[in-house]
Amino acid sequence: MNKAKPRILIVDDDEEIRSILKEALSRSYDCTTSSSASGALTTLAAETFDLILTDINMPEMSGLEMMPYLTSLAPDSVVVMISGARMIESAIEAMRAGVFDYLMKPFDLKQVRTVVARAIDHRDRLRNSAALPNLKDRAVERLQNALIDGDFVVHYQPQVDIQTNRVVGAEALVRWSDRECGLRPPADFIPLAEETGLILQLGELVLRRACEQTKRWHDSGLSDFRVAVNVSPQQLQQEGFPDMVAEILESAGLPARSLEVEVTETSLMQDPEAGIRTLTALRNMGVKIAIDDFGTGYSSLGYLKRLPIDSVKLDASFVKDATRDPDDAALVMAIITLAHNLRKKVIAEGIESEDQLAFLRLLRCDEGQGFFLGRPSESDKLTLSFLEPDAEMAGFSQAPTTPWLTSHYAVA
């Protein structure tokens, strides 16, 4: 389907000029002509145009005198005026009245096309910028309605003790069960939620549901099962956030040690002192603290030593090539060694192969998660056999099969 041509109304009392302009522009634009200001205003009362190209000096009503009427009848149209060479002062006055551009007589057709194209482009940008707030408003409204209607669901990705092969916990991951688009990942709505402040309400919802679900797992016999929940920068900066966490834990009947709060280095850097106070208060309650995406932000020895944390999450980007690239392997080993020397636990993200899992086991990495170990799913889809205390991960390898890994990183 062909896109409709932009519409132009050409207004000039000189028939020859009207014909020349229409012929020059009709290939790219849908052109209508009028011989007078009054005729143009009658046309504008019934039709809409993207651009009005009008002579500034016409009998009965000049183009300049027509401007207030154009503003009223065609507020979304861009106006370009044609001025005689001796009427530059009038052209300047027209620009002050809101005309986008003007053409000085005598003009060549190349100049006409250039000015018109520039004016239409300006009109398109105005139209798009005006539409963005409306689109954003609708998106915010949909997000608010989704919160009210309970359209957000929490999925859980298992976390495995790499040394014992047991599932010891799960990370809570929010999804939007959009009635129009289906299940939507966090990237589709978290940025907007953060920008509008709705992340506070959404974050509390996820935290509350995760704690309630973990209590149900405890009641089924998994008394040591732990849940990890991501916390946004805005939540972290809330003065009453530790009190809210305490209330949620008490309401769910869940021990504080069974909750692990995950924060990113970037979120802490927004206000380090406030972030450290919040994490310290949570840790004093018994809540575990993990730094997410470790190694991708502002990691330093002094910074890591200062933070009140229990574990670091090794970013998936490091794990991805650790079994293929000796440099990445050395970096993973260095991070694990550093964390262990500071008495921190290491959780590796993004484990997607048996070799990666086996390599991390060689390096004494504590825990891991990734598609190889289990994809995120709703709580009722985590099978009983998978969550039984004695369950082990199928296919767990005792050693990596990549030859250079075996030779360079032998088990001590």
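What you see is a predicted model; the values in this text were computed from it and never measured.
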### Query
How many angstroms lie between atom CG of Asp292 and atom CG of Asn230, to the nearest 0.5 angstrom?
5.5 Å

### Message
Let's go through Ile309 and Val263 carefully: what are the C-alpha distance in whole Å and the side-chain angles of both, what is the deciding distance for side chain to side chain contact (heavy atoms under 4.5 Å, CB included) to 0.1 Å, and is it a yes or a no?
### Response
CA-CA 10 Å; Ile309 63 174; Val263 297; 5.9 Å; no

### Query
Just checking, is any N or O donor in the side chain of Asp315 or Ser317 under 3.5 Å from an acceptor N or O on the other one?
yes

## Note on the structure
Smallest heavy-atom separation, Ala322 atom then Val332 atom, equals CB-CG2, 4.0 Å

### Task
Please determine which of Lys313, Arg226, Gln163, Arg166 meets the side chain to side chain donor-acceptor pair (under 3.5 Å) test together with Glu367.
Arg226

### Straight-line distance of Ser34 OG to Met58 CE, nearest 0.5 Å
8.0 Å

### Query
Distance-only, no hydrogens or angles: does the Arg123 side chain make a donor-acceptor pair with backbone N or O of Asp76 under 3.5 Å?
yes

### Leu73 vs Leu41 side-chain heavy atoms within contact, under 4.5 Å
yes

### Query
Should the pair Asp355-Arg324 be classified as a salt bridge under the 4.0 Å nitrogen-to-oxygen rule?
no

### Query
Checking Asp121 side chain against Ala117 main chain: does a donor-acceptor pair fall under 3.5 Å?
no

## Note on the structure
Between Met81 and Leu64, the two heavy atoms sitting closest are CE-N, 3.8 Å

### Value rounded to 0.5 Å, distance of CZ in Arg175 from CG in Asp188
10.5 Å

### Message
Do Leu147 and Leu202 make a side-chain contact, defined as non-hydrogen atoms from C-beta onward lying under 4.5 Å apart?
### Response
yes

### Query
With a 4.5 Å heavy-atom cut-off, do Ser353 and Phe371 have their side chains touching?
no

#### Entry: Glu260/Ser311 under side chain to side chain donor-acceptor pair (under 3.5 Å): CA gap, chis, key distance, verdict
CA-CA 9 Å; Glu260 184 170 68; Ser311 59; 3.2 Å; yes

#### Entry: Any side-chain heavy-atom pair of Gln157 and Leu173 under 4.5 Å
yes

## Note on the structure
CG of Leu314 to CD1 of Ile335, rounded to nearest 0.5 Å, is 5.0 Å

### Query
Is there a donor-acceptor pair under 3.5 Å between the side chain of Asp12 and the backbone N or O of Asp14?
yes

### Task
For the pair Asp178 and Arg142, evaluate salt bridge (charged side-chain N to carboxylate O under 4.0 Å, His left out) and give the outcome as yes or no after the intermediate values.
CA-CA 9 Å; Asp178 190 338; Arg142 289 195 64 212; 2.6 Å; yes

Could you list the donor-acceptor pairs under 3.5 angstrom formed by side chains in residues 21-32, with sequence neighbours left out?
unit_1	atom_1	unit_2	atom_2	d
Ser26	OG	Lys22	O	2.5
Asp30	OD2	Arg7	NE	3.4

### Task
Write down the atom of Val167, the atom of Pro158, and the distance for their closest heavy-atom approach.
CG1-CB, 4.1 Å

## Note on the structure
Between Arg283 and Pro308 the two heavy atoms that sit nearest each other are CD-O, 3.2 Å

### Matching residue for Leu259 among Leu249, Thr214, Ile248 - test: side chain to side chain contact (heavy atoms under 4.5 Å, CB included)
Leu249

#### Entry: Residues which pass side-chain contact (heavy atoms from CB on, under 4.5 Å) with Gln144, listed by chain and number, not counting sequence neighbours
Val140, Leu198

#### Entry: Side-chain donor/acceptor of Thr337 to backbone N/O of Met333, under 3.5 Å
yes

### Query
Does the side chain of Leu44 come within less than 4.5 Å of Tyr69's, by heavy atoms?
no

### Closest contact, heavy atoms only, Leu360 versus Ile162
CB-CD1, 4.0 Å

### Query
Taking all non-hydrogen atoms of both residues, which atom of Ile289 and which atom of Leu282 are closest, and how far apart?
CD1-CB, 4.0 Å

## Note on the structure
Separation between CZ (Arg375) and NE2 (His155), nearest 0.5 Å, reads 13.5 Å

### Message
I want to check something: taking the side chain as every heavy atom from C-beta on, are Trp176 and Leu143 in contact at a cut-off of under 4.5 Å?
### Response
yes

### Query
Please walk me through it: do Asp310 and Lys345 pass side chain to side chain contact (heavy atoms under 4.5 Å, CB included)?
CA-CA 6 Å; Asp310 300 280; Lys345 184 174 65 177; over 6 Å; no

### Query
Side chains of Leu373 and Leu357: does their closest heavy-atom pair fall under 4.5 Å?
yes

### Query
Does CZ in Arg257 sit with more than 12 non-hydrogen atoms of other residues, nucleotides or ligands closer than 6.0 Å?
no

### Asp13 side chain to Ser36 backbone, donor-acceptor under 3.5 Å
no

### Task
Check step by step if salt bridge (charged side-chain N to carboxylate O under 4.0 Å, His left out) holds for Asp328 and Lys320.
CA-CA 9 Å; Asp328 280 350; Lys320 179 180 179 181; over 6 Å; no

### Task
Measure from the side-chain N and O atoms of Gln235 to the backbone N and O of Gln201, and report whether any donor-acceptor pair falls under 3.5 Å.
no

### Message
Around atom CD of Glu250, are there more than 12 heavy atoms from other residues, nucleotides or ligands closer than 6.0 Å?
### Response
no

### Message
Parallel, tilted or perpendicular: which one describes the rings of Phe225 and Trp217, with boundaries at 30° and 60°?
### Response
perpendicular

### Query
Okay, side chain of Gln234, backbone of Glu194: is any donor-acceptor separation there less than 3.5 Å?
yes

### Query
Do Pro242 and Thr278 come close enough that some side-chain heavy atom pair is under 4.5 Å?
yes

### Gly39 backbone acceptor or donor facing Thr43 side chain under 3.5 Å
yes

### Task
Could you grab the distance from atom OG1 of Thr323 to atom CD of Glu352, nearest 0.5 Å is fine?
10.5 Å

### Task
Spell out, as yes or no, whether a donor-acceptor pair under 3.5 Å connects the side chain of Gln213 to the backbone of Arg209.
no

